[in-house]
Amino acid sequence: MSGPVVRFAPSPTGRIHIGNARTALFNYLVAARAGGRFILRFDDTDLERSTREFADGIEIDLAWLGVAPHLVVRQSDRVALYEAAAERLKQMGLLYPAYETQAELDRRRKLKQARGLPPVYDRAALALSADERAQLEAEGRKPHWRFRLDHRVIEWQDGVRGACRIDCASLSDPVLVREDGSFLYTLPSVVDDIELGITDVIRGEDHVTNTAVQIQIAEALAGAGKAPRFAHHNLLVDASGAGLSKRSGALSIASLRESGVEALAVAAVAVLTGSSDEVHAVSSLVELAQMFDLAHVSRNAAKFDPADLRTLTQRTLLKLDFESVRERLAAHDIVGAHAEAFWLAVRGNLDQFLDVCDWWRVVDGEIIAVVEDADFCRTAAGLLPPDPWDEKTWSLWTQAVKAATGRKGRELFHPLRLALTGRETGPELAKLLPLIGRAKSLARLGA
Ligand code: GLU
């Protein structure tokens, strides 16, 4: 048996935000954990609103998060499959033409509501005779096409919500094909899920209401029991409880990336918020995959505070070993024999990764040294031990300075830090000093 086959199916009508990343990562982690396959499917049948730029941008966003699809498909390339499926449904008598205009449908819905009846489509089109249909078409009306629902209760075992049921008698027959022959979301989604062998549909709970219809269509096309499993997760909401929309600009993956938030911090917040696992920093998606379990996802709203992304970024950086950042450092010319020791020295003092550039300048470049007490610094410079230096050098040196000057505590250390780094605070000097080296230390101390 091979592992699960899952898909993330964004419509490329905008870039993705952290709430969409939640869905993408849930799918990705389920596949990663069990040796399955993750398919990226662009639901781009809405030709007016979908663009290639958005689709490409979404791929970039996912790549940044570390989510690499095994396969990318676009619904706009697959229309022939949907047409064939629609044809089969027509032949089975399950897809029927309806001629009502939107205005007619609205009027009938209002009448029903006024009488206190549920606003369900009355299937008037199903009662039309062939002659009546021919006449409507002769008047120039074009049909849209509705799926004839079986009025039974559909039940499924939801991977997050447990036992679910929807009585299809309470639903309108869904429109699958528009007047102009284009497809709404429902049929292409089911056709692709079958055709791509999707075993598990993991998506936001805003899609629960589509599920019974999709199960019926899947069973009509592929046979009883052939629908995939479904899991509907809670949605991320911001601290005020408001949902995220495509317009939630600041929480788009692209803007989080640009603002210096770490991808793994986004992933940890996206995945662990609203679950029984505490939100905490992780050092890889593999680590996240090992602990991730759909069964831990809560049914309550997943409330998160965007400010947590900052703290989690700091904690994530602290967890990253040199190998996982080697290339990123090299991209900023942080290379060479000291690169690893440098990373281990500074990773706990970064608000964002780019701060490495400032610290690299401290150890490898020029800074403006701050010498507040010139005599003291000159004395200290005279006591610097000879090369070679290592992590013990700092303590040997400061003991000597203490003995010579009688200073201790902040009075002893602070002027040295200021002179050597130009800053009030920073990484442990025991680690920085050997990286700065003797020549630079002498110069910065004003010797
Ligand atoms: N394109 C749909 C969406 O973005 C996909 C829903 C699904 O996963 O079935 O909401």
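Everything quoted here is computed from the prediction, not taken from an experiment.
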So, do Glu87 and Lys90 sit near enough that their side-chain heavy atoms are less than 4.5 Å apart? yes

Could you check if a side-chain atom of Arg7 sits within less than 4.5 angstrom of a side-chain atom of Ser189, using non-hydrogen atoms only? yes

Over all atoms of both residues, closest heavy-atom pair of Leu221 and Arg88: O-NH2, 3.1 Å

For Phe147 and Leu187, what are the C-alpha separation, side-chain angles and deciding distance, and is it a side-chain contact (heavy atoms from CB on, under 4.5 Å)? CA-CA 9 Å; Phe147 180 74; Leu187 182 64; over 6 Å; no

Quick one: does Arg438's side chain have a donor or acceptor within less than 3.5 Å of a partner on Pro388's backbone? no

Checking Arg33 against Phe292: charged group under 6.0 Å from the ring centre and within 45 degrees of the axis? no

Using a 4.5 Å cut-off on heavy atoms from C-beta on, say whether the side chain of Ser441 contacts that of Leu384. yes

Is the side chain of His332 donor-acceptor paired with the backbone N or O of Ile334 at a distance under 3.5 Å, no angle test? no

Counting C-beta onward and ignoring hydrogens, is there a side-chain heavy-atom pair between Asp200 and Arg229 closer than 4.5 Å? yes

State whether the side chain of Thr199 and the backbone N or O of Val5 hold a donor-acceptor pair below 3.5 Å, judged by distance alone. yes

Test side chain to side chain contact (heavy atoms under 4.5 Å, CB included), reference Leu445, set Thr379, Leu383, Leu420, output is Leu420

How long is the straight-line distance from CD of Glu59 back to CD1 of Ile16, given to the nearest 0.5 Å? 10.5 Å

Of all heavy-atom pairs linking Val266 and Val261, the shortest is CG2-CG1, 3.5 Å

Could you give me the CA-CA distance, side-chain angles and deciding distance for Arg203 and Thr211, then say whether side-chain hydrogen bond (donor to acceptor under 3.5 Å, both in side chains) is met? CA-CA 11 Å; Arg203 57 186 180 182; Thr211 303; 3.1 Å; yes

Would you compute the distance between atom CD1 of Ile436 and atom NE2 of His338 and round it to the nearest 0.5 angstrom? 11.5 Å

So, the side chain of Trp343 versus the backbone of Leu320: is there a donor-acceptor pair under 3.5 Å, distance only? yes

Rounded to the nearest 0.5 Å, the CD1 atom of Ile39 sits from the CG atom of Leu196 at a distance of 4.5 Å

Are Arg148 and Asp173 close enough for a salt bridge, meaning some N to O gap below 4.0 Å? no

By side chain to side chain contact (heavy atoms under 4.5 Å, CB included), Asp180 pairs with (sequence neighbours left out) Arg178, Ser182

Are Val191 and Arg78 side-chain neighbours, meaning at least one heavy-atom pair lies under 4.5 Å? no

For a side-chain contact (heavy atoms from CB on, under 4.5 Å) check, start with the C-alpha distance between His17 and Leu236, then their side-chain angles and the critical distance, and finish with the verdict. CA-CA 10 Å; His17 54 59; Leu236 277 190; over 6 Å; no

Do we see a donor-acceptor contact under 3.5 Å between the side chains of Asp46 and Tyr185? no

Trp397 vs Trp394 aromatic rings, parallel, tilted or perpendicular, using cut-offs 30° and 60°? perpendicular

Would you indicate whether Lys319, at its atom NZ, is surrounded by more than 12 heavy atoms from other residues, nucleotides or ligands within a distance under 6.0 Å? yes

When you compare the side chains of Ser324 and Asp321, does any donor N or O come within less than 3.5 Å of an acceptor on the partner? yes

Could you tell me which non-hydrogen atom of Ala369 sits nearest to which non-hydrogen atom of Ala419, and how far apart they are? CB-O, 3.2 Å

When you measure from the side chain of Asp44 to the backbone of Ser76, do you find a donor-acceptor pair of N or O atoms at a distance under 3.5 Å? yes

Salt bridge or not between Glu219 and Arg152? Use side-chain N to carboxylate O under 4.0 Å. yes

Any side-chain to backbone donor/acceptor pair from Asp193 onto Ile198? Under 3.5 Å, distance only. no

Say whether Asp150 and Gln216, considering side chains only, have a donor N or O and an acceptor N or O under 3.5 Å apart. no

Between Ile253 and Leu62, does a side-chain contact (heavy atoms from CB on, under 4.5 Å) hold up when you go through it step by step? CA-CA 9 Å; Ile253 298 303; Leu62 291 175; over 6 Å; no

Side-chain (Ser259) to main-chain (Leu256) donor-acceptor, under 3.5 angstrom: yes

Measure the shortest side-chain to side-chain distance between Asp43 and Ser11 over non-hydrogen atoms and say whether it is less than 4.5 angstrom. yes

Distance check, rounded to the nearest 0.5 Å: Thr421 atom OG1 versus Arg361 atom CZ? 12.5 Å

State yes or no: are the ring centers of Phe342 and Trp359 separated by less than 6.0 Å? no

So do the side chains of Ser50 and Thr45 get within less than 4.5 Å of each other, counting heavy atoms only? no

Heavy-atom count around Glu155 CD within 6.0 Å, excluding the residue itself: above 12? yes

Output the distance between atom CD (Glu391) and atom NZ (Lys431), rounded to the nearest 0.5 Å. 6.0 Å

Looking at Asn234 and Ser298, would you say the former's side chain and the latter's main chain have a donor-acceptor pair under 3.5 Å? yes

Quick test of your reading of the model: are Arg299 and Asp158 salt-bridged, counting only N-O distances below 4.0 Å? no

Just verifying a value: how many Å separate Thr405 OG1 and Glu411 CD, rounded to the nearest 0.5 Å? 8.5 Å

Taking only Lys NZ, Arg NE, NH1 and NH2, and the carboxylate oxygens of Asp or Glu, determine whether Glu262 and Arg328 approach each other closer than 4.0 Å. yes

Exam field: side chain Glu287 to backbone Ser283, donor-acceptor pair closer than 3.5 Å: yes

Give me the atom names and distance for the closest heavy-atom approach of Ala21 to Leu65. CB-CD1, 3.8 Å

Give a yes or no on whether the backbone of Gln352 and the side-chain of Asp355 come within a donor-acceptor separation of less than 3.5 Å. yes

Closest non-hydrogen atom pair between Val177 and Phe183, with its separation: CG2-CE2, 3.8 Å

Side-chain donor-acceptor contact under 3.5 Å, Ser2 with Arg37: no

Under the side-chain contact (heavy atoms from CB on, under 4.5 Å) criterion, do Ile215 and Ile166 qualify, and how do the steps go? CA-CA 11 Å; Ile215 290 176; Ile166 291 182; over 6 Å; no

Which residues share a side chain to side chain contact (heavy atoms under 4.5 Å, CB included) with Val269, sequence neighbours left out: Ile18, Thr273, Val279, Phe304, Leu309, Leu312

Can you see which heavy atom on Ala270 is nearest to which on Leu25, and at what distance? CB-CD1, 4.1 Å

Is Leu429 close to Thr398 at the side-chain level, that is, under 4.5 Å between some pair of heavy atoms? no

Just say parallel, tilted or perpendicular for the rings of Phe38 and Tyr28, cut-offs at 30° and 60°. perpendicular

